[in-house]
There are 2 protein chains.
Amino acid sequence: MDEQKKIMLAHGGGGRLMGDLIARMIVPKFGDGQSVQLTDSAVIDVPADKICFTTDSFVVQPLFFNGGDIGKLSVCGTVNDLAVAGAKPIALSLSLILEEGLEMAVLEKILQSIADTAKAANVDIVTGDTKVVEAGSADGVFINTSGVGALMDDVDLSFTRIKPGDAILVNGTLGDHGMTIMSQREGLKFDTPLKSDCACLGELTQMLCENCGGGAVRFMRDPTRGGLAATLNEVAKSSGVNVELTETALPVDKTVQTAADMLGFDLLNIANEGKVLAVVDAAVANKAIEAWRSHPLGENAAVIGHIMDADDSPLVELITKIGGRRIVQTPYGRELPRIC
Amino acid sequence: MDEQKKIMLAHGGGGRLMGDLIARMIVPKFGDGQSVQLTDSAVIDVPADKICFTTDSFVVQPLFFNGGDIGKLSVCGTVNDLAVAGAKPIALSLSLILEEGLEMAVLEKILQSIADTAKAANVDIVTGDTKVVEAGSADGVFINTSGVGALMDDVDLSFTRIKPGDAILVNGTLGDHGMTIMSQREGLKFDTPLKSDCACLGELTQMLCENCGGGAVRFMRDPTRGGLAATLNEVAKSSGVNVELTETALPVDKTVQTAADMLGFDLLNIANEGKVLAVVDAAVANKAIEAWRSHPLGENAAVIGHIMDADDSPLVELITKIGGRRIVQTPYGRELPRIC
């Protein structure tokens, strides 16, 4: 029957049909039948007296893109929020808002992607919720994941610990996620297809703290919406420092740069989904880069700038290729709807 | 300018406009400027080595209804999931999916309701996320809240602890939320307007465990979607017992019953948003009811049935007013879309 191939309103009604959906499609992917029971709420062990707690909703369009999909993104996004806060993920929640008429096959593919990504990131999905809205009241699938993590020992991350002289690192090329989505929406084709950098960054952030000593790592952030420009302006403002970026040091993929040029975007403003920006004591910068480059997600890691004393009003400046200086502002936000 | 009275796509872009929205409308309501900073992720103290973790998305339509709104509902729903798991809420996350064109005044009203409800329930909103989708891609506002709570000492809730002879309690009238929403959608008017029971149940669940001893309380659940019928069928199936309900003991509001009769609904299938169903040792049932009745949310508390031995297949039976027996089945789920 066609009905069973598509999501119906009754799948969100709290009755038998919802029970079937959960038992058939969700529990086998995420429950292990023992510790993970996927009840309305989950009891989890916390190995620390402080935990890190975060949430993100995902509305990316299209649902599937080169390098990932809304499912992978929804796991990586929340794992990364925990990772850059200096926490090891313990558990995630998964909440689905489904549009009536959604193909079951599409949902199945997204759930499998969530399960695969969570497994690779070594984090359990422990609790969840499913709602269904009428056709036309949502756009296919919206996903919320929230996450709980345990803070790593000896890590102390804060804007207030950022000091003039500190180095700014990033683990690879900029803007890959945002430009992949935009190119796919605009129907742009390139010889080398663009690919989202969507990835879980827990290994990189742990590697950084363990290799450099937690104290030398001042601050980490995953520059998603608003890109590097938004993150670094927040650093300047919140820490009361200037940020100096070196354009020639920025890791950029050539095809991504071409796409950005064609569509009129500045890659500094473009969302990343597998990048961590870190501010560290300059003394450990080279060691950090070396460590990152040994990891597949850090092959193009680079020191991209430094923290400087601020005058009256903190700002972010880019030393351009020809040696000029350009102020990098916080983007307005209009560029890229539904990038994540 | 009209623009500033409505949500624009750029409010979700991660740039200046989003920063303004968060700084102007969200932080003043939820941040205290000190411990609660509303960053991408929050560090929270946990006074236990086990925590309870839960999530819910809310898509109720209409957004405002007699007795509550989507904001109040989104706090109560998650607080209640923690409460019935035997946990005291510690912190909530708040994730908004907004439709482009949403009136700022509507958002403001919802946020205020969230803030007021959280304050009354003594729980902090500590982290959040905001996404905006194009007009037509969502229906006004969808909200996700996730919650972290600390398990109460000496409380051990589980289907496996439910035994024949145990009493089934509920703290008040059935189906008020669902029938209020349905009546409002259908334009039904009554002399006494229907009012949703939407409320946070933390005080009632704590009162129950403290007054009766945690061990005497076997199981608690808030019967939302699918109503009492869905919850009790889950009890029967998961605990391998029969459930016997006494129709004359069910607390029901007369106007709600009239509305249900007019629209052809069985109140046992209808969603509640301020009710807790508890299975307790029969020896403490009267004491529990007495305690609950001293609380404004428990004035109509009653013992509504008992747990019985099951034969081959566990079931839920209703002893009707005239002494007959009717099997109460799990609803299919088609009745009430977008009730929460």
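Residue numbers begin at 1 in each chain, while the letters A, B, ... track the order of the sequences.
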**OP:** Give a yes-or-no answer on whether the side chains of A:Ser146 and B:Ser146 include a donor-acceptor pair shorter than 3.5 Å.
**Re:** yes

**OP:** Answer with side chain, backbone, both or neither: which region of B:Leu94 has an atom nearer than 4.5 Å to a non-hydrogen atom of chain A?
**Re:** backbone

Original post:
For the atom pair CZ (B:Arg225) and NZ (A:Lys131), what is the distance rounded to the nearest 0.5 Å?
Top reply: 4.0 Å

Original post:
Heavy-atom distance under 4.5 Å to chain A: side chain of B:Val132, backbone, both or neither?
Top reply: backbone

Original post:
Rounded to the nearest 0.5 Å, how far does CZ of A:Phe142 lie from OG of B:Ser95?
Top reply: 11.5 Å

Original post:
How many angstroms lie between CZ in B:Arg16 and OG1 in A:Thr330, if you round to the nearest 0.5 Å?
Top reply: 7.0 Å

Subject >> Region of B:Leu151 that comes under 4.5 Å of a non-hydrogen atom in chain A >> reply: side chain

Subject >> B:Asp129 side chain to A:Ser57 backbone, donor-acceptor under 3.5 Å >> reply: yes

Subject >> Proximal component of B:Thr130, with respect to chain A [non-hydrogen, under 4.5 Å] >> reply: backbone

Subject >> B:Ile44, part contacting chain A, at a heavy-atom distance under 4.5 Å >> reply: both

Subject >> Side chain / backbone / both / neither for A:Leu92 at chain B, heavy atoms under 4.5 Å >> reply: backbone

Subject >> Contact class of B:Ala230 relative to chain A, heavy atoms under 4.5 angstrom >> reply: side chain

